[in-house]
Peer 1: 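Pasting a structure below so you can have a look.
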Amino acid sequence: MTTQTKPIEAFSLPTPNGQKLHIMLEELGVPYTYHRIDIGKGEQFTPEFLAISPNNKIPAIVDPEGPGGSPISVFESGAILKYLGLKFGQFYPTDTREQVKVDEWLFWQVGGFGPMLGQNNHFSVYAPEKVPYAIKRYSDETHRLFRVLDKQLEGKDFITGTYSIADIASIGWAQAWERYGIDKAELKNFAAWIERLNARPAVARGLEIGKDVPQMSLADDKEAQKILFNQR
């Protein structure tokens with residue numbers, strides 16, 4: 001089994017995307033150092049951060065013990081999860097067919113169950129003009145994606161049958177189910193899954209990483225909104 005002697009540098013925040021990294025590192029039990037990147041203050045645009053995350057998004061990592069023993073930086077949450085799963089041989093299968101299953105649901109999350117929920121939140125909460133079509137469009141898509149997840153979990157404890165980075169990628173986003181008007185009584189497979197995952201000590205710890213720093217509600221922070229929204 002691969003060991004880690006030098007801490008992995010984790011550049012992140014306690015957002016659903018950042019929580020993927022926190023949970024994975026906690027599950028792996030490897031040493032890491034958490035670096036808070038305050039996106040509301042524009043820290044994601046510093047040259048130092050852009051050198052490891054050119055898309056100016058969190059999370060990103062620097063592994064001082066990368067391939068061949070040389071440092072490597074990785075950005076994009078899905079790529080980070082896959083890198084760590086492959087490196088440490090955990091939460092990502094070695095069988096090719098099983099890898100395909102996990103990849104499908106990992107990419108489902110990074111391409112849909114994340115971006116669509118984010119758009120739902122943006123148009124429902126932050127948009128200065130409430131556009132009914134946009135709110136309905138993303139609310140409907142959010143509900144559809146939760147139903148897709150519920151259907152996939154039928155007869156399974158985890159998304160692909162075995163606990164994997166597919167689950168780790170999705171659990172942070174799933175925490176806001178109530179905000180999106182999801183009725184867990186209608187999605188019993190999902191309800192059992194989120195309870196099962198939240199009971200995992202590493203998941204509970206990962207969800208709390210970084211929350212010791214008080215955060216102003218983005219809905220009330222107009223200066224942060226100027227930094228985060230409408231960038232070209």
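Sequence positions, counted from 1, serve as the residue numbers for this chain.
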Peer 1: Got a sec, which residues hit side-chain contact (heavy atoms from CB on, under 4.5 Å) with Ala191, two or more places apart in sequence or on another chain?
Peer 2: Lys184
Peer 1: Would you check, one step at a time, whether the test side-chain hydrogen bond (donor to acceptor under 3.5 Å, both in side chains) holds for Ser139 with Asn120?
Peer 2: CA-CA 6 Å; Ser139 177; Asn120 183 340; 4.5 Å; no
Peer 1: Who pairs with Glu208 by side-chain contact (heavy atoms from CB on, under 4.5 Å), at least two apart in sequence or on another chain?
Peer 2: Lys211
Peer 1: Suppose we screen for side-chain hydrogen bond (donor to acceptor under 3.5 Å, both in side chains). Which residues come up paired with His143, at least two apart in sequence or across chains?
Peer 2: none
Peer 1: NZ of Lys41: more than 12 outside heavy atoms within 6.0 angstrom?
Peer 2: no
Peer 1: Quick check: does any side chain N or O of Thr142 sit under 3.5 Å from a backbone N or O of Tyr138, one acting as donor and the other as acceptor?
Peer 2: yes
Peer 1: Mind checking the CG-CD spacing from Asp63 to Gln4? Nearest 0.5 Å is all I need.
Peer 2: 4.5 Å
Peer 1: Take Asp38 and Gln44 through the side-chain hydrogen bond (donor to acceptor under 3.5 Å, both in side chains) test and state the conclusion after the steps.
Peer 2: CA-CA 7 Å; Asp38 195 331; Gln44 69 273 34; over 6 Å; no
Peer 1: For a quick test of reading the model, state the closest non-hydrogen atom pair linking Gly118 to Trp173 and the distance between them.
Peer 2: N-CZ3, 4.0 Å
Peer 1: Mind checking the CD-CG spacing from Gln175 to Leu197? Nearest 0.5 Å is all I need.
Peer 2: 8.5 Å
Peer 1: Please identify each residue that fulfils side-chain hydrogen bond (donor to acceptor under 3.5 Å, both in side chains) with Gln90, with sequence neighbours left out.
Peer 2: none
Peer 1: Applying side-chain hydrogen bond (donor to acceptor under 3.5 Å, both in side chains), can you list everything that pairs with Glu178, at least two apart in sequence or on another chain?
Peer 2: none
Peer 1: Any non-hydrogen side-chain atom of Ser53 less than 4.5 Å from a side-chain atom of Ile58?
Peer 2: no
Peer 1: Can you tell if the side chain of Glu26 reaches within under 4.5 Å of the side chain of Ile209, non-hydrogen atoms only?
Peer 2: yes
Peer 1: For Val131, is there any backbone N or O sitting under 3.5 Å from a side-chain donor or acceptor partner on Glu129?
Peer 2: no
Peer 1: Is there side-chain contact between Lys20 and Ile165, with heavy atoms separated by less than 4.5 Å?
Peer 2: no
Peer 1: Hey, does Asn189 have a side-chain heavy atom less than 4.5 Å from the side chain of Leu149?
Peer 2: no
Peer 1: Let me see the working for Phe229 and His122 under side chain to side chain contact (heavy atoms under 4.5 Å, CB included), right down to the final yes or no.
Peer 2: CA-CA 10 Å; Phe229 303 151; His122 181 86; 3.9 Å; yes
Peer 1: Looking only at non-hydrogen atoms, find the nearest pair between Ala166 and Ser170 and report the distance.
Peer 2: O-OG, 3.2 Å
Peer 1: What's the separation between atom CD1 in Ile159 and atom OG in Ser164, rounded to the nearest 0.5 Å?
Peer 2: 6.5 Å
Peer 1: Sequence neighbours left out, what passes side-chain contact (heavy atoms from CB on, under 4.5 Å) with Ala176? Give chain and number order.
Peer 2: Arg179, Tyr180
Peer 1: Does Glu9 reach the side chain of Ile52, with side-chain heavy atoms less than 4.5 Å apart?
Peer 2: no
Peer 1: Minimum heavy-atom separation for Gln19 and Gly206, please, with both atom names.
Peer 2: CG-O, 4.2 Å
Peer 1: For Lys151, which residues count as a salt bridge (Lys or Arg N to Asp or Glu O under 4.0 Å) partner, sequence neighbours excluded?
Peer 2: Glu154
Peer 1: For Ile135, check side-chain contact (heavy atoms from CB on, under 4.5 Å) against everything at least two apart and list the hits.
Peer 2: Phe123, Ser124, Lys130
Peer 1: Which residues pass the side-chain hydrogen bond (donor to acceptor under 3.5 Å, both in side chains) test with Asp140, sequence neighbours left out?
Peer 2: Lys136
Peer 1: With no hydrogens and no angle check, is any side-chain donor or acceptor of Thr2 less than 3.5 Å from a backbone partner on Lys87?
Peer 2: yes
Peer 1: May I have all residue pairs that pass ring pair (Phe, Tyr, Trp, His ring centres under 6.0 Å) and include part of residues 58-102, sequence neighbours excluded?
Peer 2: Phe91-Tyr163
Peer 1: Enter the distance from Ile80:CD1 to Ser12:OG here, rounded to the nearest 0.5 Å.
Peer 2: 8.0 Å
Peer 1: Could you check if a side-chain atom of Val110 sits within less than 4.5 angstrom of a side-chain atom of Ser77, using non-hydrogen atoms only?
Peer 2: yes
Peer 1: For a 4.5 angstrom cut-off between non-hydrogen side-chain atoms, does Glu65 reach Thr5?
Peer 2: yes
Peer 1: About how many Å separate CG of Asp150 and CD of Gln152, when rounded to the nearest 0.5 Å?
Peer 2: 10.5 Å
Peer 1: Of the options Ile8, Leu84, Ile23, which is the one that meets Leu28 in a side-chain contact (heavy atoms from CB on, under 4.5 Å)?
Peer 2: Leu84
Peer 1: Which pair of heavy atoms, one from Ile61 and one from Ala10, lies closest together, and at what distance?
Peer 2: CG2-CA, 4.4 Å
Peer 1: Quick one, Leu13 and Arg36 - any side-chain contact, counting heavy atoms below 4.5 Å?
Peer 2: yes
Peer 1: Which heavy atom in Met24 sits nearest to a heavy atom in Gly85, and how many Å separate them?
Peer 2: CE-N, 3.5 Å
Peer 1: If I take atom CG from residue Leu207 and atom CD1 from residue Ile171, how far apart are they, to the nearest 0.5 angstrom?
Peer 2: 7.0 Å
Peer 1: Step by step, work out the side chain to side chain contact (heavy atoms under 4.5 Å, CB included) result for Glu186 and Arg147.
Peer 2: CA-CA 9 Å; Glu186 295 181 0; Arg147 289 190 178 279; 2.9 Å; yes
Peer 1: Using the rule given for side chain to side chain contact (heavy atoms under 4.5 Å, CB included), can you reason through Gln99 versus Asp95, listing the C-alpha separation, both sets of side-chain angles and the distance that settles it, and then say yes or no?
Peer 2: CA-CA 6 Å; Gln99 286 180 347; Asp95 178 78; over 6 Å; no
Peer 1: Taking only residues at least two apart or on different chains, which pairs with a member in residues 98-119 satisfy ring pair (Phe, Tyr, Trp, His ring centres under 6.0 Å)?
Peer 2: Trp105-Trp108, Trp108-Phe113, Phe113-Phe146
Peer 1: Regarding Asp167 and Trp193, is there a side-chain donor-to-acceptor distance under 3.5 Å anywhere?
Peer 2: yes
Peer 1: Do you know which two heavy atoms are closest between Val102 and Pro93, and how far apart they sit?
Peer 2: CG2-CD, 3.7 Å
Peer 1: Please tell me whether Tyr126 and Ile39 are part of a single hydrophobic cluster in this structure, the criterion being side-chain heavy atoms less than 4.5 Å apart.
Peer 2: yes
Peer 1: Hey, quick one: are Val100 and Phe158 part of the same hydrophobic cluster, counting side-chain heavy atoms closer than 4.5 Å, chains of contacts allowed?
Peer 2: no
Peer 1: Going through the checks in order, is the salt bridge (Lys or Arg N to Asp or Glu O under 4.0 Å) test met by Arg200 and Glu27?
Peer 2: CA-CA 9 Å; Arg200 294 179 70 92; Glu27 289 280 16; 2.9 Å; yes
Peer 1: Which pairs with one or both residues in residues 29-71 pass ring pair (Phe, Tyr, Trp, His ring centres under 6.0 Å), sequence neighbours excluded?
Peer 2: Phe11-His35, His22-Tyr34
